[in-house]
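Only a predicted model underlies this, so the values are computations on that prediction, with no experimental measurement involved. All heavy atoms count here, side chains included; hydrogens, waters and symmetry mates do not. Sequence lines set the chain letters: A, B, ... in the order given, protein chains first and strands last, and positions in each chain run from 1.
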Amino acid sequence: MPESEYKYGFHDPENYVYKAKPGLSYEIVSEISWLKDEPEWMQKIRHRALDYFLKKQLPKWGPFLGDIPFDDIYYYIKPSEKQETDWKDVPEGIRNTFDKLGIPEAEKKYLAGVGAQYESEVVYHSLREEWAEQGVVFLDMDGGLREYPEILKEYFGSVVPYTDNKFAALNTAVWSGGSFVYVPEGVEVAIPLQAYFRINAKNMGQFERTLIIAEKGSRVHYIEGCTAPVYSTDSLHSAVVEIVVKEGARVTYSTVQNWSKNVYNLVTKRSLVLRDGLMEWVDGNLGSGVSMKYPGAILKERGARAEVLSVAMASEGQQQDVGSKVVHMASDTSSTIVSKSISKSGGRSSFRGLVKVIPGLSGVKASVRCDALIMDDESRSDTYPYLDINSPEVEIGHEATVTKIGEEKLFYLMSRGISEIEASKLIVNGFIEPVVKRLPMEFAVEMNRLIDLEIEGSVG
Amino acid sequence: MAKGSNNNILIVDNLHVSVEGYEILKGVNLRIPKGEVHALMGPNGAGKSTLAYALMGHPAYRVTEGSVFFHGENLLNKTIDERAREGLFLAFQYPREISGLKVFHFLKKAYISRFGIDEGTFSSMDFFNEVKEKTKLLKMKEDFINRYLNEGFSGGEKKRMEILQMAMLKPEMAILDEPDSGLDIDAVRIVAEGVNSLRGPDIGVLLVTHYQRILNYIKPDVVHILVDGKVVKSGGPELAEHLETAGYEFAGAEV
């Protein structure tokens with residue numbers, strides 16, 4: 001997509017308090033940790049993770065990642081000195097950016113808390129008082145580390161260790177920002193917590209780190225949105241999200257990712273689900289050049305459940321390599337994976353779904369469904385299911401469909417007076433409807449709108 | 001030809017249509033005046049559905065010769081959606097299923113497109129009431145409009161959905177491609193009642209059918225018989241009755 005067509009393709013003059021030198025080294029990692037005044041254990045983890053990152057090869061499967069300019073990337077930028085808590089105190093340039101994204105309006109309406117990541121630091125952060133009274137914590141990750149070091153020490157890296165993969169190691173070494181959410185026992189957070197993320201500087205990596213802990217019987221919905229302006233050089237976004245869902249708790253994590261198309265989006269998201277807990281991932285991938293993202297769950301105790309719903313749209317020059325990974329480690333656990341992908345204008349989408357069931361279990365249910373819609377002959381869609389079932393008493397369903405948008409469906413809708421563009425939109429939005437209807441209203445509207453824009457860009 | 005010929009809404013002259021290189025229609029002539037219902041009958045493979053698709057503008061149905069005028073304008077250089085917006089309607093023999101697209105949303109989009117209405121000033125409430133009224137007429141269930149378009153519909157529900165669309169889009173010329181196929185007698189009656197309620201001086205209807213059965217419920221003004229890509233005989237309703245007893249052989253034999 002040409003720069004001018006990217007909806008959020010504006011950027012502010014770069015005016016930062018601190019910007020580390022490009023490239024990656026022990027010194028840079030130490031400097032990040034020192035600037036944040038972190039405890040020594042965190043600095044040690046960062047260093048160990050850096051070692052692991054440096055010696056680990058790039059993955060040999062999936063999209064080609066050999067062009068990522070690791071040495072030219074800025075791994076840490078701090079845009080303004082202090083954490084702002086009042087909208088009026090946020091510097092004007094940054095405020096303008098948020099205004100363009102419509103954040104304050106959204107917040108006024110119904111958002112309980114807004115954590116907006118501008119560059120590597122959370123600039124604006126608020127949480128409604130009633131929740132603070134309930135003991136709900138919603139901070140940026142650096143704040144979480146300062147205020148709740150014991151919780152961090154216990155859980156940081158417990159769901160996604162830095163040894164998980166090369167990019168989890170990179171994130172652990174240089175992480176900055178992200179959200180820390182803690183929901184105490186029995187508390188139901190009625191309104192979703194929202195965080196908006198934004199990359200602004202050229203060649204800047206964004207390495208946010210998010211940790212969500214839902215105590216016994218609690219309930220929370222966390223929403224992450226991503227929008228990045230357009231730059232002529234490539235950027236890297238490599239986040240880690242860890243979620244602990246305790247007994248009977250329920251966590252929903254929703255994302256609509258709309259990075260500009262020169263961003264590598266390589267993200268590790270995973271949840272650990274304990275007895276009778278429920279984890280729901282709702283994942284929309286529309287932007288970025290190369291995405292690799294497989295939100296997953298480890299169902300560790302009896303009765304744990306996971307549901308993963310994802311939508312990906314790969315357009316010109318894009319590779320959406322997405323899916324899910326679920327490991328059943330206890331009896332009577334269940335998982336559902338539903339994936340919808342759209343490929344158009346030469347885009348490529350791949351679905352990888354891994355379901356693993358360890359030996360000796362009973363009453364396990366798993367279902368995987370992936371549907372691909374291909375809009376034209378230049379585009380491509382692939383499915384890679386991996387079912388690793390080691391217990392005999394497992395009920396497993398797997399279904400995959402590939403459809404072309406089809407002359408006949410277009411003809412049918414157009415015969416009612418609907419233009420070709422409108423007809424394409426109706427078909428595509430209908431295709432993803434089962435997932436989109438699970439999103440909160442505002443996000444669903446945004447998702448449909450982004451897809452409409454994509455289709456207008458190609459059919460028109 | 002039929003009565004009221006200077007009031008023709010649709011004029012088809014020497015129409016030749018090919019599909020994948022094979023000529024299916026070999027010079028069809030038809031004149032349909034406003035206010036009349038014409039039945040087009042013929043054996044399987046005669047080209048009845050081909051005519052319906054070609055008139056609506058399906059890209060696989062290539063017109064190689066001839067002309068079609070729709071309320072005085074050349075129809076053939078218009079896109080599918082333009083034809084529909086100008087008042088042409090096709091009730092499909094096999095309506096497509098569009099997963100995830102709710103009937104109400106679809107009807108609204110179609111209505112707005114057909115009549116060039118600005119979506120911002122459109123009253124969904126009035127529209128909703130009108131749809132509801134029409135669904136009652138067609139004996140459709142209330143939850144119908146919240147279902148996905150044709151997905152999981154029974155044969156009868158799909159056919160009624162087509163007639164509902166016709167009712168909402170108020171065409172000047174409606175082509176009904178075998179609206180009775182696959183239906184039991186009760187469903188045929190409901191569909192026929194729906195069509196009859198839409199008959200009037202401002203609409204021309206071309207009813208494509210293989211069997212005479214539906215013509216017991218929808219009385220045609222004129223019957224045409226299509227055999228091997230040509231209209232071989234035209235006449236009054238008695239022609240259909242004669243077909244019922246004599247079969248298509250007689251019509252073909254008289255060419």
Side-chain angles (χ1 to χ4, degrees), chain A residues 284 309 311 313 338-342 369-377 399-439 441 444-445 447-449 451-452 455 459-460, chain B residues 52-61 78-117 119 146-151 158 161-162 164-166 168-171 174-175 177:
Chain A
L309 304 171
V311 171
M313 181 153 186
V338 178
S339 163
K340 300 263 177 183
S341 74
I342 302 148
R369 178 184 179 97
C370 56
D371 299 319
L373 181 67
I374 300 175
M375 306 274 288
D376 50 52
D377 291 336
E399 201 175 335
T401 64
V402 179
T403 17
K404 289 210 165 189
I405 187 155
E407 209 170 46
E408 299 306 325
K409 284 181 186 174
L410 282 175
F411 178 64
Y412 185 60
L413 295 180
M414 289 173 75
S415 78
R416 287 359 181 187
I418 298 168
S419 70
E420 187 177 353
I421 286 187
E422 288 299 319
S424 301
K425 286 181 192 171
L426 292 177
I427 293 168
V428 173
N429 281 316
F431 173 74
I432 62 170
E433 218 266 345
V435 174
V436 171
K437 74 178 176 198
R438 299 288 300 272
L439 289 169
M441 186 64 169
V445 169
M447 185 96 140
N448 290 135
R449 212 155 51 89
I451 283 184
D452 285 353
I455 292 166
V459 183
Chain B
Y53 271 48
L55 290 175
M56 200 68 238
H58 192 293
Y61 294 74
K78 296 195 161 111
T79 61
I80 305 157
D81 50 321
E82 279 168 354
R83 294 174 196 209
R85 287 197 293 273
E86 287 170 18
L88 186 65
F89 182 85
L90 170 61
F92 284 64
Q93 186 182 0
Y94 303 109
R96 296 288 151 180
E97 298 182 2
I98 313 285
S99 186
L101 174 58
K102 286 191 178 162
V103 166
F104 184 72
H105 186 59
F106 160 69
L107 288 174
K108 190 176 138 183
K109 282 279 177 194
Y111 189 84
I112 283 170
S113 305
R114 158 81 170 101
F115 296 108
I117 297 165
E119 201 160 352
N146 287 319
R147 290 171 68 184
Y148 295 149
L149 183 56
N150 294 323
E151 193 177 63
K158 283 184 182 171
M161 180 64 212
E162 294 299 290
L164 175 65
Q165 293 174 59
M166 178 177 158
M168 295 309 298
L169 298 177
K170 304 173 183 69
I175 304 160
D177 190 4

A84(B) versus S415(A), closest heavy-atom pair with distance:
CB-O, 3.2 Å
Are there more than 12 heavy atoms of other residues, nucleotides or ligands under 6.0 Å from atom OH of Y94(B)?
no
Smallest separation among heavy atoms of I418(A) and D81(B), with atom names
O-CB, 3.3 Å
Under 4.5 Å heavy-atom distance to chain B, tell me which part of F431(A) shows up: side chain, backbone, both or neither.
backbone
Quick check on E86(B) against chain A: is it the side chain, the backbone, both or neither that has a heavy atom closer than 4.5 Å?
neither
Here the gap from I80(B) atom CD1 to Y412(A) atom OH, rounded to the nearest 0.5 Å, amounts to 14.0 Å
The interface call for P95(B) against chain A, heavy-atom contacts under 4.5 Å, is both
Could you look at L169(B) and say if it's the side chain, the backbone, both or neither that has a heavy atom under 4.5 Å from chain A?
side chain
With only heavy atoms counted, which part of I112(B) is less than 4.5 Å from chain A, the side chain, the backbone, both or neither?
neither
Side chain from CB out, backbone as N, CA, C, O: work out which of these in E408(A) comes under 4.5 Å of a heavy atom of chain B, or both, or neither.
both
Given that the side chain runs from C-beta out, which part of Y148(B) has a heavy atom under 4.5 Å from chain A: side chain, backbone, both or neither?
side chain
Beyond-backbone contact of I98(B) with L413(A), side-chain heavy atoms, under 4.5 angstrom:
yes
In Å, rounded to the nearest 0.5 Å, how long is the span from NE2 of H105(B) to CG of N429(A)?
7.5 Å
Could you go step by step and tell me if M56(B) and F411(A) meet the side chain to side chain contact (heavy atoms under 4.5 Å, CB included) rule?
CA-CA 9 Å; M56(B) 200 68 238; F411(A) 178 64; 3.7 Å; yes
For a 4.5 angstrom cut-off between non-hydrogen side-chain atoms, does E407(A) reach P59(B)?
yes
Under 4.5 Å, counting heavy-atom pairs only, tell me which of K109(B), R85(B), H58(B) racks up the most with chain A.
H58(B)
Which heavy atom of R114(B) sits nearest a heavy atom of R416(A), and at what distance?
CB-O, 4.5 Å
